[in-house]
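Whatever order the structure lists them in is the order used to number ligands and atoms, beginning at 1.
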Amino acid sequence: MATQLTALSIMQDAPVIPVIVLHKVEHAVPMARALLAGGVRVLEVTLRTPQGLACIEAIAKALPEAIVGAGTVRNAADATAAARAGARFAVSPGYTSKLGQACRDLDLPLLPGVATSGEIMMAQDDGFNELKFFPALQSGGAPMLKAWQGPFGDVRFCPTGGISPANAADFLELSNVVCVGGSWLVPASALDSGNWSQITELALATLTLRPS
Ligand SMILES: O=C(O)C(=O)C[C@H](O)[C@H](O)COP(=O)(O)O
């Protein structure tokens, strides 16, 4: 894995970054295989569950072709644990300078979460110009992103939160949106029933969402 990943290259890989919540380590590798089979290799496994780190480790070991990162990274300790587990990037729901510095020290690309103009300015002060807009729908959705095109024309976003197949295209058509994030690719019901082909189909359906 010599390729130098950046937040931008991670965002550009596919139209949708799946946000994944796993409660069982044994689900991790078959789930990741199913996404890979559907053409999605950038995977955000959240640290929301106690199994998150072990799931990241299992995927990183078994499937080097996947680009597995950690979601819900809230502080330096989370970032350190994620990097140790094999995460190749981090996504955070919000931003602090401490977290930004920790990820820099770890050489871990970070996609920091923002929801306001002030937060964008703080992240930009620290050199972060590729940002997650979270929670996107609840914080103003596509009209908010359009409003930010003026003052923050140099920022590229990955809106996440409330995005679905029904509204993803409204976000992806915006010039300041590179990709979106969403949990719909990995439904809890598919994990529980081992319906890996459903996950593959949901992934395949996202590949054509970005306007050409
Ligand atoms: O856990 C995190 O770090 C998060 O950032 C939260 C997720 O991004 C959203 O929960 C995804 O939102 P939905 O696609 O609406 O389910």
Identify, for atom 5 (O) of ligand 1, the protein heavy atom at the shortest distance, and state residue, atom and that distance. K132 NZ, 2.3 Å
When distances are taken from atom 2 (C) of ligand 1, the protein heavy atom at minimum range is T72 OG1, 3.2 Å
Just verifying a value: how many Å separate M31 CE and L63 CG, rounded to the nearest 0.5 Å? 9.0 Å
From the list T160, L110, V180, side chain to side chain contact (heavy atoms under 4.5 Å, CB included) with K132 holds only for T160
Quick one: does G71 get an N or O within less than 3.5 Å of an N or O on ligand 1? no
Nearest-contact summary for atom 15 (O) of ligand 1 - protein heavy atom, Å: G162 N, 2.8 Å
Between T80 and D78, is there a side-chain donor-acceptor contact under 3.5 Å, judged purely by atom types and distance? no
From CG (D107) to CG (L5), nearest 0.5 Å: 10.5 Å
Within 4.0 Å of some non-hydrogen atom of G161, the atoms of ligand 1 are 12 (O), 15 (O)
Around R104, counting heavy atoms of other residues, nucleotides and ligands shown, do more than 12 lie under 6.0 Å from its CZ? yes
E44 N/O under 3.5 Å from ligand 1 N/O: no
For G182, atoms of ligand 1 separated by under 4.0 Å from a heavy atom: 14 (O)
What closest approach, in Å, do C158 and I17 show between heavy atoms, and which atom pair accounts for it? SG-CD1, 4.3 Å
S183: numbered ligand 1 atoms lying under 4.0 Å from its heavy atoms: 13 (P), 14 (O), 16 (O)
Proximal ligand 1 atoms for T160, defined as those under 4.0 Å from one of its heavy atoms: 8 (O), 11 (C)
So CG of L22 and CD1 of I59: to nearest 0.5 Å the spacing works out to 6.5 Å
Side chain, backbone, both or neither: the part of W184 lying under 4.0 Å from ligand 1 by heavy atom: neither
Angle class for the W196/H27 ring planes (parallel below 30°, perpendicular above 60°, tilted otherwise)? perpendicular
Below 3.5 Å, N or O to N or O, backbone or side chain included: is there any such pair between R48 and ligand 1? yes
